[in-house]
There are 2 protein chains.
Amino acid sequence: MVTAATTRVPQEERSRAMRARLLEATVELLVERGFAGTSTTLVSERAGVSRGAQLHHFPTKNDLVVAAVEHLTAVRGAELEAAAAALPSGGGTRAVLTLLGDHFTSPVFTAALELWVAARTDPALMEAVAPLEQKVGREVHRLTVELLGADESVPGVRELVQATLDLVRGLGLANTITDDRRRRERILDRWAQVIDLTLDAAPGPLSDPTDARATPATPATSRETTR
Amino acid sequence: MVTAATTRVPQEERSRAMRARLLEATVELLVERGFAGTSTTLVSERAGVSRGAQLHHFPTKNDLVVAAVEHLTAVRGAELEAAAAALPSGGGTRAVLTLLGDHFTSPVFTAALELWVAARTDPALMEAVAPLEQKVGREVHRLTVELLGADESVPGVRELVQATLDLVRGLGLANTITDDRRRRERILDRWAQVIDLTLDAAPGPLSDPTDARATPATPATSRETTR
DNA sequence: TAACAAACAGTCAACCCTGTCTTTTTCTTG
DNA sequence: CAAGAAAAAGACAGGGTTGACTGTTTGTTA
């Protein structure tokens, strides 16, 4: 917008930092206290921001939370990309599963979980969460396919990848109640075997050529139920 | 204990019914409004019970919720057993997955989800939820093994069953945000194939679970692929 | 530098929720 | 039938949360 002066944005700078602190604090509190326990008062205290300033940036709690959701999706995406980049290329199925398993048991997942559950009974929140969740979902899917080197034009492969993601989501959920890493590891060990076995051993079982959905992209969920 | 009179427990009867209504209302509200939205006031209104009576039966909100958790686990168990009983014996892998998929997308699952998530940041609630959840978990596992006719003494089979349950849990979670039945069905179709393929085609390594995929695997086609 | 707008600070009222307390009803029992 | 206990009813206080509101500082612009 406005740009072109000597002393560049000293205030806008502070504002930005304030916003960031507020969003960070929100996410932290989501993890520590859950959605219901994340009061705006707590957030402002945690962020070291006055209540007035908070209300200036985010007039309503919904505004704050929605912004936090956006912030969180960005963080999630970045984390995943980073982890993927750090992965030895072609490092094997198990390594990919480790990556996914770690992501879905990380604090950001926990925070996201709180938002999902809250959104279920909060239309305004759902409106913000749903599309962003789809976006992350697509991204994770794409990344997984890429890392696994899977060929989705082969019937059944796409579903296998989706199943993998739903599996780690389930593991992530279970993890919030009882943190049993060993169990998780064993399951992922086994699952890696199954994937490897299935991916190159049994591409298309049982004549089911009804439609080979080799569609390049139409992943995850489609919210708009045509009606 | 006390038994042997003419007028059989008329009041105790009413009390019992009241308790039941309160618990039912609680579960309903968990589904409709989420945990945070389930205030004791709402519950008493919904149940048609005066606030005083409610407080008489459940002095604290925690008492109410804990009782609701117990109630819910009982309901879950019963529902599962009933569904299993209604299942054509030896009805095939896919039918079992349908059963599981249905359970993990039902209202009782939704209610349980609310409790899990709330319990994560509420020690008192966690204390009640954790053991009961384990119980249900074990029960579902046992049931699944039984219905699938799986032999858990074979290495890898147990993990596959666990993976199946975590998968449906993940699908259930996804379902609360976006209800996409078709997607679910396709994934479960595929999963059934994988299970069948894996269970009798690749029992696992002889003597070493860490290295399973080297096994030649006898092409036993004994398993019924119903359809 | 003066005037104006945006950012920031902090108080306050309205609201809801929980759990205590007192009162009334209903059942049981001697 | 009377007395006492359990159950049910409803008012109320205390605590916490949200967002509106007023005042203050900081930055921009003429």
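Chain A is the first sequence line, chain B the second, and so forth, proteins listed ahead of strands; every chain is numbered from 1. No hydrogens, no waters, no symmetry mates; every other heavy atom, side chains included, goes into these values.
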Student: Using atom NZ of B:Lys61 as one end and atom C1' of C:dT20 as the other, report the distance to the nearest whole Å.
Tutor: 18 Å
Student: Tell me whether B:Arg94 contacts the main-chain N or O of B:Gln193 through its side chain, where contact means a donor paired with an acceptor under 3.5 Å.
Tutor: no
Student: Take atom CG of A:Asp63 and atom P of D:dG19, then tell me their distance rounded to the nearest Å.
Tutor: 9 Å
Student: What is the ring orientation for A:Trp116 with A:Phe109, classed by angle as parallel under 30°, tilted 30 to 60°, or perpendicular over 60°?
Tutor: perpendicular
Student: Nearest to the B:Leu55 side chain among D:dA9, C:dA9, C:dG19, which nucleotide is it?
Tutor: C:dG19
Student: Can you identify which nucleotide, out of D:dG10, D:dA9, D:dG19, has its nearest atom closest to the B:Met18 side chain?
Tutor: D:dA9
Student: Whole-Å distance between D:dG15 P and A:Leu42 CG?
Tutor: 17 Å
Student: Test A:Leu125 against A:Phe35 for side-chain contact (heavy atoms from CB on, under 4.5 Å), laying out the working first.
Tutor: CA-CA 12 Å; A:Leu125 190 55; A:Phe35 185 84; 3.9 Å; yes
Student: Would you say C:dC17 has OP1 or OP2 under 4.0 Å from some side-chain N or O of B:Thr40?
Tutor: no
Student: Can you figure out which of C:dT18, D:dA7, D:dA9 approaches the side chain of B:His56 most closely?
Tutor: D:dA7
Student: A:Ser39 side chain: which of D:dA20, D:dT18, D:dA9 is closest?
Tutor: D:dT18
Student: Counting only side-chain N and O atoms of A:Ser50, is one of them less than 4.0 Å from OP1 or OP2 of C:dC8?
Tutor: no
Student: So, does A:Arg21 use its side chain to make a donor-acceptor pair with the main chain of A:Ala47 at under 3.5 Å?
Tutor: yes
Student: What nucleic acid atoms does B:Thr41 come within less than 4.0 Å of, heavy atoms only: base, sugar-phosphate, or nothing?
Tutor: base
